[in-house]
Every structure is written in structure tokens, then in C-alpha cells.
Student: 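This is the structure I have questions about; it appears just below.
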2 protein chains.
Amino acid sequence: MTDGPSYKERKVITIGVVSELTGLTERQIRYYEERKLIFPERSPKGNRKYSFADVEQLIEIANKREEGVQTFEIRQEMLKSKRAEDRKFRKELLRGEINARFGIQKD
Amino acid sequence: MTDGPSYKERKVITIGVVSELTGLTERQIRYYEERKLIFPERSPKGNRKYSFADVEQLIEIANKREEGVQTFEIRQEMLKSKRAEDRKFRKELLRGEINARFGIQKD
DNA sequence: CGTGTAAGGAATTCTGACACG
DNA sequence: CGTGTAAGGAATTCTGACACG
């Protein structure tokens, strides 16, 4: 019935709204993009668009920054956990393929 | 872990994005508000903000309009189904209260 | 009734740069 | 390094109105 998880990922929020939602200045938000911590899409005319997932990511970044963590380190951590997620995903994908071929027999 | 259903209801999308998402013109979107078919919030400076739920509502409105249904009739239908939902909600609420008092005994 | 459009103004967003530290 | 700010321009949004039908 609903479109499910897509709401969280759809990039539809403008930078001004993101600023309100996160408490960060637009300057900060753009800077974190420059440091590759966040990846907004662009509208046809070049305006940044963010998702709710991006907003949450920015809130985490803000927390880290308050603890004195530098953007470089935050990026390292993000890449690390992304690799872990990728491994997990590939593992599940593989399990699915094995099941499809050798698991439940359909014919 | 996630914030759950709130993504769908949060009013964070500007009218330009809603226009892209629905294929409606801004004029149309504002007119449907005037006809009380849709209820955006306003930012501090007066800009309209819509939710994903609003976007879906607008898509339904657009479909109805294509079928030649007038805004007045669409509004009637909306009010009708809203009343039905309210009845259902009150019913469930009542059931919950009854269970809380006479159902599962906690002491 | 439903939608297009031109009008004028106000708010938004963008980029590149200088500043401080 | 991380963030503020002034700068100038382009795109966005708003309202109220006239138009057509």
C-alpha cells in the first residue's frame, strides 16, 4: 500500500529546511558536502536536495563535531561502516542465490 | 532505530519539488489548497511545506480531476473517508481502554 | 470552475573569496 | 581546519488580479 522505505531516501528537501531540521548553518552543510560527508542531489537548476537519511546523517555529524572529531576522521568512520555494510549485503545476496538454486525446489 | 512513520507525514517539501513530483503546476497545487483539498504548513517566512502524504494525496486528486471530478466532489469524498477513519480510530481506542481496565490483569 | 499568465517584491540558493585562527 | 560574512546574480515563492470559458 505505502511506498515503504523510499520516503527516507528520496532527495526532496532543500538546504534551508535541512538547516532548520538539523540546527546547522547552510555554510556548515555545504562544507560537509565539500568534505564528502554528505551527498545531496541537484535539481535541474542546481539546487541541493537532501533526504531524511541525509538529515539524520548530518545530525550524527553535528554530534561528532561537538565532540571535537574532525571531518576527516568522521569520513574514515563512515567509510569503515560502509564497507562493513557492503560485506553484510554481499553475504545475504549470496545466501539468497544459493537458496534460489539449491534450496527450496520449485519444480 | 528509525523514526518510523514520521517521514511520510513531516512537512518538509517545497512547492517546486511537489510540482516535479506530481506533475501539477504550482498554480494547480495552490488552487487545491484554496479549495481545501490539501493543507500544507508554512515556514516562518510563509513558504508552503508539504509531506510525502500530501504528495500522494495530490496525485490522487490529479487522477480524479482527469476523470472530470470537480474539486467540490473530491472534497466530499475526502471528508467521507476521513469520517470513516475517525470512527475506526475511536473504536480501536475504546477497545484498548477496555483491555487496559478489564483485559489482561497486571496486578 | 479550473487554470494560465504577467507583475512586483521578498526570500532562497549558488559560487568564489576573504577573514580568522 | 571549520565557519562566518559580504557580494552579485539567478531561481523560487508569494499574493492579488485579469483572462477565458
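Numbered from 1 within each chain, the chains take letters A, B, ... in sequence-line order.
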Student: Measure from CD on B:E66 to P on C:dG2 and round the result to the nearest Å.
Tutor: 15 Å

Student: Could you tell me whether A:K49 and B:E20 make a salt bridge, using a distance below 4.0 angstrom between a side-chain N and a carboxylate O?
Tutor: yes

Student: For A:I61 and D:dT3, what is the distance between atoms CD1 and C1' respectively, to the nearest whole Å?
Tutor: 15 Å

Student: Indicate yes or no: does B:R30 engage B:E34 in a salt bridge with an N to O separation below 4.0 Å.
Tutor: no

Student: Measuring from the side chain of B:R65 (C-beta onward, heavy atoms only), which nucleotide among D:dG4, C:dG2, C:dG4 has the closest atom?
Tutor: C:dG2

Student: Between D:dG2 and A:R35, is there an OP1 or OP2 to side-chain N/O distance shorter than 4.0 Å?
Tutor: yes

Student: Between D:dG2 atom P and A:L37 atom CG, what is the distance in whole Å?
Tutor: 9 Å

Student: Any salt bridge linking B:R83 with B:E77? Criterion: basic side-chain nitrogen under 4.0 Å from a carboxylate oxygen.
Tutor: no

Student: Is it true that A:K8 and A:E56 make a salt bridge, defined as a side-chain N closer than 4.0 Å to a carboxylate O?
Tutor: yes

Student: Closer than 4.0 angstrom, basic N to acidic O: yes or no for B:R48 and B:E41?
Tutor: no

Student: Partner of D:dG2 by Watson-Crick or G-U wobble geometry, both contacts under 3.5 Å, or none?
Tutor: C:dC20

Student: Taking pairing as Watson-Crick or G-U wobble with both contacts under 3.5 Å, can you name the mate of C:dA7, or confirm there isn't one?
Tutor: D:dT15

Student: Under 4.0 Å between a side-chain N or O of B:Y31 and OP1 or OP2 of C:dG2?
Tutor: yes

Student: Heavy atoms from C-beta onward define the side chain here; which of D:dG2, D:dG4, C:dG2 lies closest to that of A:R27?
Tutor: D:dG4

Student: If you compare all heavy atoms of B:F52 against all heavy atoms of B:Y7, which two are closest, and at what distance to 0.1 Å?
Tutor: CD1-O, 3.6 Å

Student: Sugar-phosphate means primed atoms, P, OP1 and OP2; the rest is base. With that split, encode nucleotides 9-15 of chain D 5' to 3' as B, S or - using protein heavy atoms under 4.0 Å.
Tutor: --SSSSB

